[in-house]
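This report concerns only the one structure given below.
In what follows, chains carry the letters A, B, and so on, assigned in the order in which the sequence lines appear, proteins first and then strands, with residues in each chain numbered from 1. Side chains included, hydrogens not; waters and symmetry mates left out as well; all remaining heavy atoms used.
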Amino acid sequence: MTTDLGQFALYCAILLACAPLLGGYMYRVYSGQRVLLSPVFKPVEKVIYRICGIDAQASQHWSRYAVTLLAFNAAGWVLLFAILRLQHLLPWNPAGLAPMSSDLAFNTAVSFVTNTNWQAYGGETSLSYFSQMVGLTMQNFVSASTGMAVAVAVIRGFAGRKVRDLGNFHVDMTRGVLYILLPLSIIAAIFLMSQGVPQNLNSYVDATTLEGTKQVLAQGPAASQIAIKQLGTNGGGFFNVNSSHPYENPTALSNLLQMVYILLIPAAFCFLFGKMVNDKRQGIAIFAVMAVLFVGGFAATYSAEKAGNALLTNSSKIIADPGNMEGKETRFGILNSTLWATATTAASNGSVNAMHDSLTPLGGMVTMLNMQLGEIVYGGVGAGFYGMLLFVVLTVFIAGLMVGRTPEYLGKKIEAREIKLAVLAILTMPIGILVFGALSATVPVAMTAVQDAGPHGLSEILYAYSSATGNNGSAFAGFGAGMPFHTTLQGIAMLLGRYGFIIPILAIAGSLGTKNVVPVSGGTFPTHGPLFVTLLIAVILIVGGLTFFPALALGPIAEHFAMLAGIAY
Amino acid sequence: MKKTENSRLLDGALVRTASIEAFRKLDPRIMIRNPVMFMVEAGAVMATVISIHTGMTGGPDLSALIQITVWLWFTVLFANFAEAVAEGRGKARADSLRSTNKETQAKKLRNGEKTAVEMVASSRLSPGDFVLVEAGDVIPVDGEIVEGIASVDESAITGESAPVIRESGGDRSAVTGGTRIVSDWLKVRVTAKPGESFLDRMIAMVEGAQRQKTPNEIALNILLVGMSIIFLIVVVTLEPFALFSGTSIPMAFLIALLVTLIPTTIGGLLSAIGIAGMDRLVKANVIAKSGRAVEASGDVDTLLLDKTGTITFGNRMADEFVPLKGVTDREVAEAAAIASLADDTPEGKSIVELAGKLFDFRGDKSKLSKAIAFSAETRMSGADIGEDEYRKGAGDAMRAYAEAGPQVAELGRIVDGIAKSGGTPLVVAKNHKIMGVIHLKDIIKPGIRERFAELRAMGIRTVMITGDNPLTAAAIAAEAGVDDFLAEATPEKKLELIRQEQEGGRLVAMCGDGSNDAPALAQADVGVAMNDGTQAAREAGNLVDLDSDPTKLIEIVQVGKQLLISRGALTTFSIANDVAKYFAILPALFIAAYPQLGALNIMGLASPQSAILSAVIFNALIIIALIPLALRGVRFTPGSAAALLRRNLLIYGLGGLIVPFVGIKVIDLLINAVGLV
C-alpha cells in the first residue's frame, strides 16, 4: 500500500513537473516563436511549405480550417486503406502476410486516422512491417497532430478578440509533428530500446521454451511505434497484447515512461491554454478539474481491484489475497495495472498493460465512464482539451446565468449559436454509445460477438462502443469485434466521435473569435478557483455521466452487486 | 395604476381564469412552442392510451398506470397554469389601459390651418396630420406639439394624478394618445400610425401578446431541447438493453422515466419567468419596448447618469457663509439673507433657509423698501431696507460694485477656493462694502453614494454626465462616488463616449429626455427615455420610464439581473434534481432483471410502483411549488458575481440535489400510508 502510494505520487509528480514546461514550449511552437529546435526544423518546415505550395502566412476561417483538416484526413484514410489492402505487393513483408479484408481495412484505416487505434486485428499476425511503419506510424503522428492543431485553433478563437480566422491548419499540423511529436518520440524510442524493446526489420525468430515447446518470437520496429503510440494517445500496439507484451513494455522504467507519455501532452494543453488566453489561472482550473476526475477514477479502480473478487478467493485455495490479479501481469501488479488502465481510458489512448475485460465490475466501469464522459479527463492529445472546453461552455451557460448576466467565458458571450453547436457535439456520445450499443444488443448477428452471459455481456458491448465513440481504442477482450457488422458500425462510431466533436467545436471557436471581449469586472462570472472547479465537475458528471447511468446499471453495476451477492452468470 | 404593490401573487379570479387557460393551452399547436412540455404532453397521451388498453385487456399494474397517467397530465397542466398566471397578471393592467385607448373624435386641421377644423375618427388620422386639442379633449394619438401650451392629465398612463405642462419646442413637446388636456389648447402633429401608438405598444407588451423569445431565452431553450433529446435517447435505448438483460420494462414506466429526467421544472416555468420579469418592470412604471432590452439591462457594464436629477437635486443650494476678515458669520448670513429675501429662485430661497437654520434669521419681506431683481447686465440682485443696500452677485460684478479695498486679495482666495471645490461663489455686500461669500453647492442626493458602491460591487461602472466645467464636475464626481465623469458634455461627446465604451466590449445604459439625447439613446444598449421627454427621445429609447425618474435606471438593471438569475437558478435546480430521480426509478425498473440492484434504492422506497409514482408526483408538484418563485423572481442582493454564484449555487445547486431525495421519500411514505399503490 505504501509503495503503491509512493509510486502513484512519483507518477503525479513527474507529470506535474513536465506538463507546464511542455505547455510553455508548445506555446512558443504554435505561436511561431523561436525555440531550441528551430535551427534544425525551421529549414525543414520551409522546405515542406515550398514543396506543398503552402502559404504559411495565410490564416484560415474556421470553416476553411475544418475543410482543410477533413480533406487531409480523407487523403490519409485513402492512403492507409490502400496500403492495408495492398500490403502483399509492398516491401517489408518478411512474414508474407496477406492483404487485409476490406471491412477490416476500412475499420483499421478509420481507427488510425481518427486517433482511436481500435485494433480489430492482431498486429503481428495481420500487418507487414511496411503497413506498420509507413501506414500506421504515419497516422499515429498526423492524427495526433490533427487533434493538437484543432485544440490550438479552438483556443485561438476563445482567446481572440474580433478575429475572423483561427490560424493555418497546414502550419499547425507541420509544427505539431516536427517540433513536438518527433523529438519527444525519438527520446522515448531510444529510452525504450535501452530497456530492451526491439527496433529492427528482422524476420520472426523461432525459439524453444524451457518446457520444450516451439515459439515464434515476433520482431520488428517496435520501439519507434510504441513511443508515438503513447505520446500521441494513439494506443495501437505493435503486438496484439499491446503493452503487456514483454517486448513492448519490458521493465518498470519502460512502464513508467509510457504512462507518463500517455498524459503528458494532454496535461500540457492546460498550461498552453493558460498562456494563450493570457490568464494562467484559467488553465490551472481546467487542469484541476481533470486532476480531480483522474485521481477519483484511479482511486475507485484501485480500491475495486485491491478488494478483489470474493467469489474467486473463496472458491480457490488462495491463502494471501492479492486482490484481483486476473488479466494482470504480475510484474506490474495492481497499482501499475490500474494506474495504466485509468490513464489510458482517461486519455483516449487505449493502449493496455492489463486486460480490461478482467477488471472487477467497478474497475471496469470507471474505465468505461472515463470514455463515456467524452474522453476529457486530460483526454486525447488536443481532443481532450477541446472536449473539455465544450463542457466549460455548457457549465458557464447553465450556471453563469446565476450571476445575473448573459453567460460569458473569457469575456466572450455564450449565446444561442454556441449552445446549439455544443449540444450537437454532446449528442455524439449518447448516439455512438447508446444507440449503436442498443443496435448491437438487439441485432442477432451482432450479439454473437458477445462472449459472456449476464451483465458482463452488456458491459462488453458498452465498452466497445464507448471506446470507439470516445476514440479510445482499448477493448474488453471478450468482445469479438472482427465481424463485418461491428467493424463497420465501429468505424462509423469512430468517425462520429471524432468529427462530431471537431466540426462543432471549431465552429464555436470561430463564432467566439469574432466577438468582442467584455472586460473583467466584479460582475464577471469567475471561471477559476475552487467554486468553478466543483461546478464544472458536477456538470460533467451530471450532464455527461448520468446519461449512461441506466445502461451502466444493467452492466457493471448489476455485475458488481451480483458479485457481492455471490451470484455468477 | 400607480405602483400598486400587488403583494398577493395569486387571487381567486386570477386562479380561476388561469386554470381554464391551462386546459386551453393543451392544444398541441400551442404546446409545440415549448418543446420540453410538448414531450411531456406526448408522453401523457401515450400513457393514457396504454392505461385504456390495459384497462380493457386486464393487464397488470392498472392502478399505478392510471395514477402515473393522471400525474403526467398534471405536469403539463401545472406548467400551463404557471404561464397563464404570469400572463393573467399582465392582462389586468392591459385591460385598464385598453379602456383609455378608445376610439375618439379628433379635430383634424385641414392644411394645418387652425380655422379649418374637421371632425374625424382618431383611427383615421395618419402621421403628418395636424389636430387641435382643447381643454377637456382626449388627445387622439401620439404627436408632437407644434403650437401652444397646456396642462395635460397623463394619469391614464403614468398613474400620476397631477397634470403636467406640455408645450411646443423644448424637451416637453411630446403628447401621448389617450391622455386628456385639462386647460388651454394644443396644435399637435400626428407622429404615430393608428394601432402603433405608444399606448398600443404598451398594451401589447404588458399583455405579452407580441412576446418574442429573447436571445438568452432562445439559447436556454436550445439547451433544454438538447438535453431532452439526450434523455430521449437514454430512455429509448433502455428497452433493448433491458431485453438483452432478460427483462422488459413496461412502456408507461419508460415514459415516466423520460418525463422525470427531462428538465420539466425549468421548461415549465421558463416563459412564466420571462413574463413575470416584464411585469416587474411594468410595476416599476417602466415600459420595455422589447424583452431584449430587459435582458440587456442585466448585462450592463457602464451606466451613464445625468448629474442633474439623478445624482444631485438639480438646484444649487447655499451650503456655507464665508466671512471676510473683520466680519462675523452672522453678519454675512444676515446680509446674504436680506439680499435674497426678494429672490424667489431656489438658490435665493436656500440662502434664506440656511441663514434661518444657522442663525435663526427671520426675514420679513414687507420691511424691504426696494427689491433689485437679477439682470444679465448688472449680474447681481438684492434688496434695500431703508437706506441700507444689500447686494449679492458674481465675483467680478460685485468687485466693480464695491469700494476698492485691501480685502480684494482675500476675496479672490475665497472665491477661487469655492470654485475649485466644485461650488459656486456668490459675493455679498452691504452698502458697497464686501462682507463675505456664499458657498452655493450642488447637493448630492442622500443615499446615492451607497447606491454607487453597490453598483461597483456588482461590477457596474458609473459615469456622471454634466455640462459643468471639469473642475466642478471632478469635485461632484468625487463627492458622489461615481467612477468617472464626462464634463462639458454635449450630445456628440455623449455619443462618442458610448461608442468608445462599446468598442471596449462594454454594454452601456443611459437615460435621456431631450431631442438631442436621441442619437445617444439609440446607440446605447439600454436607453431609458423619460416619458415627459420629446417624442424623438421616446422613439429612440428601448425603455420608457413613465415616472420620468432618471434614478430608475438602477432599478431596471436589477430587474434585468433578477430575470437572468431566476432562469439560471431554476435550470440548475432542474438539472440537479435528476440525480435523485435516477435513484428512485432505476432500481424500480431493473429489480425484476437483477434483484441485487435493489441496493441502489437508497431512499428505501416501498415498491417499484410507488417509487415511480412518487418520482412523477414530485416532478409535477415541484412546478406548482416553484410558481411563486418564478413570478416573484429569485431574491437579488447586490454583490459581486462570485458572492452571488456561491449563494445561488448553494441554494439551487446543492438544494436541487437534496430536495428531491427528501421530497420523493415523503411522497412515497404518504401514498403508501393512504394505500394508493
Please state whether the side chain, the backbone, both or neither of A/V520 comes within less than 4.5 Å of a heavy atom of chain B.
neither
So for B/I266, is it side chain, backbone, both, or neither that comes closer than 4.5 Å to the heavy atoms of chain A?
neither
Fit a plane to each ring of A/F476 and A/H456, take the angle between them on a 0 to 90° scale, and name the class: parallel (under 30°), tilted (30 to 60°) or perpendicular (over 60°).
parallel
Quick one: what part of B/F590 sits under 4.5 Å from any heavy atom of chain A, side chain, backbone, both or neither?
side chain
A/V423, part contacting chain B, at a heavy-atom distance under 4.5 Å:
side chain
Is a side-chain donor-acceptor pair under 3.5 Å present for A/T406 with A/E415?
no
Could you check, using the six-membered ring where one of them is a Trp, whether B/F583 and A/F549 have ring centers closer than 6.0 angstrom?
yes
Counting only heavy atoms closer than 4.5 Å, note whether B/A457 contacts chain A via side chain, backbone, both or neither.
backbone
Can you tell me which portion of A/V517 sits under 4.5 Å from chain B's heavy atoms? Options are side chain, backbone, both or neither.
backbone
Under a 4.5 Å cutoff for heavy-atom pairs, which residue among A/P430, A/G555, A/S440 has the most contacts with chain B?
A/P430
Heavy-atom pairs under 4.5 Å with chain B - which of A/K515, A/K413, A/E418, A/H560 has more of them than the others?
A/K413
Measure distances from B/Q558 to the heavy atoms of chain A and classify the residue's part below 4.5 Å as side chain, backbone, both or neither.
neither
Of all of A/L535, A/L554, A/I414, which one pairs up most often with chain B through heavy atoms under 4.5 Å apart?
A/L554
Select one option (side chain, backbone, both, neither) describing which atoms of B/L243 are under 4.5 Å from chain A's heavy atoms.
neither
